[in-house]
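Quick one: structure below, then a few questions.
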Number of protein chains: 8
Amino acid sequence: MVFGDGKTPQQVRSIAEEILSRSGRVLVTRATVEMRDAVAEAIPGAAYDPVARTISLNTREGAGAAGLVAVVSAGTSDIPVAAEAAVTAEWMGRHVESHHDVGVAGLHRLLDRLGDIRRADAIVAVAGMDGAMPSVLAGLVGSPVIAVPTSIGYGASFEGVGPLLTMLNACSAGVAVVNIDNGFGAGYMAAVIAAGAGRAGPG
Amino acid sequence: MVFGDGKTPQQVRSIAEEILSRSGRVLVTRATVEMRDAVAEAIPGAAYDPVARTISLNTREGAGAAGLVAVVSAGTSDIPVAAEAAVTAEWMGRHVESHHDVGVAGLHRLLDRLGDIRRADAIVAVAGMDGAMPSVLAGLVGSPVIAVPTSIGYGASFEGVGPLLTMLNACSAGVAVVNIDNGFGAGYMAAVIAAGAGRAGPG
Amino acid sequence: MVFGDGKTPQQVRSIAEEILSRSGRVLVTRATVEMRDAVAEAIPGAAYDPVARTISLNTREGAGAAGLVAVVSAGTSDIPVAAEAAVTAEWMGRHVESHHDVGVAGLHRLLDRLGDIRRADAIVAVAGMDGAMPSVLAGLVGSPVIAVPTSIGYGASFEGVGPLLTMLNACSAGVAVVNIDNGFGAGYMAAVIAAGAGRAGPG
Amino acid sequence: MVFGDGKTPQQVRSIAEEILSRSGRVLVTRATVEMRDAVAEAIPGAAYDPVARTISLNTREGAGAAGLVAVVSAGTSDIPVAAEAAVTAEWMGRHVESHHDVGVAGLHRLLDRLGDIRRADAIVAVAGMDGAMPSVLAGLVGSPVIAVPTSIGYGASFEGVGPLLTMLNACSAGVAVVNIDNGFGAGYMAAVIAAGAGRAGPG
Amino acid sequence: MVFGDGKTPQQVRSIAEEILSRSGRVLVTRATVEMRDAVAEAIPGAAYDPVARTISLNTREGAGAAGLVAVVSAGTSDIPVAAEAAVTAEWMGRHVESHHDVGVAGLHRLLDRLGDIRRADAIVAVAGMDGAMPSVLAGLVGSPVIAVPTSIGYGASFEGVGPLLTMLNACSAGVAVVNIDNGFGAGYMAAVIAAGAGRAGPG
Amino acid sequence: MVFGDGKTPQQVRSIAEEILSRSGRVLVTRATVEMRDAVAEAIPGAAYDPVARTISLNTREGAGAAGLVAVVSAGTSDIPVAAEAAVTAEWMGRHVESHHDVGVAGLHRLLDRLGDIRRADAIVAVAGMDGAMPSVLAGLVGSPVIAVPTSIGYGASFEGVGPLLTMLNACSAGVAVVNIDNGFGAGYMAAVIAAGAGRAGPG
Amino acid sequence: MVFGDGKTPQQVRSIAEEILSRSGRVLVTRATVEMRDAVAEAIPGAAYDPVARTISLNTREGAGAAGLVAVVSAGTSDIPVAAEAAVTAEWMGRHVESHHDVGVAGLHRLLDRLGDIRRADAIVAVAGMDGAMPSVLAGLVGSPVIAVPTSIGYGASFEGVGPLLTMLNACSAGVAVVNIDNGFGAGYMAAVIAAGAGRAGPG
Amino acid sequence: MVFGDGKTPQQVRSIAEEILSRSGRVLVTRATVEMRDAVAEAIPGAAYDPVARTISLNTREGAGAAGLVAVVSAGTSDIPVAAEAAVTAEWMGRHVESHHDVGVAGLHRLLDRLGDIRRADAIVAVAGMDGAMPSVLAGLVGSPVIAVPTSIGYGASFEGVGPLLTMLNACSAGVAVVNIDNGFGAGYMAAVIAAGAGRAGPG
């Protein structure tokens, strides 16, 4: 994985080329349009997602057991982080279903999606502000929840510290937390978990 | 009001006597059994609540318009703070209904109580750990919610900072917050609000 | 409500249209001039307040019992947050009276306004720097005070943490706090409280 | 689950009885010897683990697909938290293998255990002080790592904040974090993940 | 000066003896009764103040120009810190007038004392909880105010951080701050300032 | 005083005019060149200091007893804050002597200036980074030291928190602290103190 | 040494000239291209390093015993800080060997370099994110390790606080820490240590 | 090394025996009298230092090149941490000279010792409160300074955070920092550095 922030398009391009040649796959996060252009020349098949801000390519065949990952996000502003998680899990070969705008301020919308969300092997739950959704969700499902705090909110969110603490203190069991705005980390973790469910799979 | 912490039983007794004689009512919070005994000698009618850790007496007649305050708490460990809020609001002349153990980890329990909670003129919502309940509750009711973070939880609750931030960042409107473990402040605020609803009332 | 920060004018416009059609009212906070222009095309009747940075429209008839909200602010730099609170409370149907530049450094100015402020059913008190005004004010009035810390001040204000703590630690009872710079939240909370006072109102 | 801290033996006993009768299993964490004695009278089959400080009983039959959980801890002082995680995962029906004293200060000891650790479906990694072990371990294994910071260390560990941040910032992918000293939360999460691997299992 | 905390009575005694013989005066702060007894044997003339927790003796003649220091404190619990400041300033040869229980929650009590407080050459203002009093006071007087935050308050006072920030952010000019609970430092500073006013004095 | 940050040149101009007409003096801090131009039109006699970033005018006659203020700063980057303090004290009628670049890394430079610094009635000590100079200086002089932390330094200065704590923890008595980068507050405080020394003055 | 941040090119130039004339050597850190141009005119022999962002010149002869410093860095983004350390140590007359991209996520790369790193008299270890590498490295070598946290990472790195705490809490002995991003400080410290090893050197 | 805190005397004894038999030396820090007694039975030659709270034994012959370590401490309360550093360095075979009570509040005492301190190959500088001494000292000597913050001080020392930040921000070069109260870590680091100076030594 290449973390785009603070790198030049040329640095991203050359690191991406090296990783692809070595491992058969590459994922750039926090990718700008300039990075996309620089990479596109060198790696024509790479896909750019402007919402998730990712450049991705996976040339490995049969990238492992599938498994289903649900990506659930609370507010409109959380969507880019959620999209980064979704792209990551798909890039690792999982099926992904996304559910946006299901924060606790409108609880019924979350409850309406429960049937679908429960079918997932692993869940990524993304929230800023109060960060309460993953804790509520974990009390309603049986699958493991990977919670991602985002840096969205008024002053006392402190760039994501507020929801980070909420999630670490989740009173529902079955929640673990990744870094603020770290959609990649959550998508990766959920994909590994869902693959485990699939791996043991057909026996 | 007398904040008992860090005072001797004799200090509490003499301050309580002075307040009572001046204002016709007195409330001691964080009261120990020793404070109760010291006060009981001087003020025979004072009531002691061992859960709320309060000593209270209100000799004013017709202590104002009634109004209904709901006190809602998330976990067993939050009950003392909730009880302090309830005693305070009753001492100020409000009707109080308490709902304990309705945290978001068991969401259905909270939903089961909604009918009753919605009838209140003001709501005190007490939670430690993730502090998520007030935010969820405020999305489901129309009355103002006074949220109280408690210092209950594992390490990253940081003695109540975790739920404090959650509540300040509540994504539902209609929530305001008081200090950590400040049941008195929340009960007082809710009582003032509910009295306003009653004051304007039927005359 | 639509929180404008971090959204494009087009996003704001389409969310505003959807909310208005569903609920008959809409309020955009942290609105830029670009958002105003985008929304004006779609929603001609919407009002823009350049100080409060709000776009608002409420087409509901008889938006509830009136009630009076006082919005009190300490320094010149606190006015935008105070104005956001005032616009919000008016948009919800309350009467609003604003009192600016009445911080504790010039105490007599605050004392001069007390007569007017005391008539309010609910008070929004906005302050940065030392954040001391809401605590002083609450000792002088009987109505509930919703305190809003602002991110104004020298270094050790820490973007509003200083006044936030001051307000949470207010030694006067009858104060509850919302997030840093959250004029909307305070105005909404005060409007709900004042409506309660009015609701029970004339019988 | 019952969190013993701050509860009386009698409270623990009555809550434990109620949970057991309702769900067929019960787990008390942070259990003292007094709690053990109180519970033993009411629930004769409950097991007490003095290192993990747990009281546990699971009367459900065939408590689900097995799966293997590895519990890895860095220092001697981290063992109680690790033991809490191990007891939890076993109580949920998983196989558990524990590896103690494999911190990064003696890297070869960790490397020596890699063969065994890699066979696990989910890994709990417990560390205080610098909290570096989970990050190092995640770079060497393919299974998901649930990291638990402990409150062990000199002053700048700040009761576990130091290792908590280390783990959230882990530069290896495949790590998610639970609260400080939260062995139960980590064991539960790992058990759910490992069960998923087993659930899909034999078809 | 000898800071008693964390020293044995014997250590305090021997340090006090050495300081006295070298400088003709000695002041022990945070002194316990055991320290008092140990020092009394060696230094018969030393005075012990049980509220301020100080042991003091000044054998210097004509300990400098007098000057007047006012020590003002907000709550009952702030009195020990205020008393430490008062003892310190007197020990340095200043006249001291103390005003207790004049916090901002009962503003009229503070206003009633203004006439006396304004006569002081330097003012020590001690407050916990919201720490608002020094800022209010400085707006009403012309003399320099040395503010002392105390560690008194509910959770979000964070052992004095709340009032410390309030005082650093004071919106009135003419305030400077010393460490939390540092009555000695404030009394010393005020005494030095008041001596300056006196020193230049009668010529 | 007018704090220029976050105000428009027109706001600064109109506030400055109003203050000047009411009180006969005005001081603008954090003034930009644009503010200078706006004010110059309305108040021709106002002086602009580009290092201190101040606009100042004092038309009061005989602005009080003189007194001497020493302004001492540690590093080159601390000079603007020191200059703001110096301009403020002069504007209030004090004599001011400035000593720059006398931080503790080159202790002899500070020691070389001691003779001059000791003659001052009050001392402003400005330092960023380790903030150690005021503590060292206070151990070497008899006059009161007003310490100003600046936001200059590497990462762990945390925008001035590092030197702020150093100064609050000064092991020398006779130090009090103002807000980060608050040259105005320190200059004002020192001027008030030095005026006291002068006021009692020649008799 | 001249810290370039926040200075103008002209200020840097004149300070650099003065230092060079006084001491025969000069080092500017955080130097921009504009500073380079300004200095180049006045000091033709000065070298500019665009990665380390340094301008350096040392005209002293035989700048002391050599000694070998190893500069080891974890991630690509840590290279500028590592380069600043390397330039500093070379400027002080040490031999320097740099090892980049040897973070703990790819442990084998670090292990591959151990032979070379162990030959150094002092080691600078630079890491952001989890900051785990210095602790791991110190467990594998005998020479003293100067650890430098960098401000690189996702949100919960908090601009370098995360790796700073990791390094202060290092469970391996033989590690000491400098400020966040302070490559100069680490390079200087390592150079002094390595010179000591060399100084006693050949006799 | 064995960190005694939180271990039982029996645990300390058995770990100490194992380490001694494996490595020929052992050092227990934070050792209580009970631990001393438990260890004394098993390891008769071990020395107990009641000030440093250490148990130590080194049976290795010719424990390396000597080298001289100076241990310098600021206040009386810092002596235990300084003593732990001194015992550690001696146990590793270095010569150690200690200088106590040389804080910056009495600068001349520090200056009086400079001649001796400068002869050391490495310096441990221990300080609480403002933590200023190491920065001042490093400006006066050429040898590397290992700074140790202690948890001694009034409230805003925050258990050692204040001096920790001071030391990290030291404006003198040649300072690196270890954890709060970590006398062992500083003594170890200084001993390694001084050994390097000695190792290269006589050739």
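Each chain gets a letter, A, B and so on, in the order the sequences are listed, and its residues count up from 1. The figures that follow rest on heavy atoms only: side chains count, while hydrogens, waters and symmetry mates do not.
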Quiz item: For Arg30(D), what residues pass the side chain to side chain contact (heavy atoms under 4.5 Å, CB included) criterion, not counting sequence neighbours?
Solution: Tyr154(B), Phe3(D), Asp5(D), Arg53(D), Glu84(D), Asp181(D)
Cut-off 3.5 Å, no hydrogens considered: what does the side-chain donor-acceptor table look like for residues 37-46 of chain H, sequence neighbours left out?
{"from": "Glu41(H)", "atom 1": "OE1", "to": "Arg13(H)", "atom 2": "NH1", "distance (Å)": "3.2"}

Exercise. Please say whether more than 12 non-hydrogen atoms of neighbouring residues, nucleotides or ligands are located less than 6.0 Å from CD in Glu159(H).
Key: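 Atom CD in Glu159(H) is not crowded, with 12 or fewer foreign heavy atoms closer than 6.0 Å.
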Self-check item: side chain to side chain contact (heavy atoms under 4.5 Å, CB included) involving Ala186(H) - partner list, sequence neighbours excluded
Solution: Val124(H), Ile146(H), Val148(H), Val178(H)
Quiz item: Taking non-hydrogen atoms and a cut-off under 4.5 angstrom, which of residues 163-175 of chain H neighbour chain D?
Solution: Leu164(H)
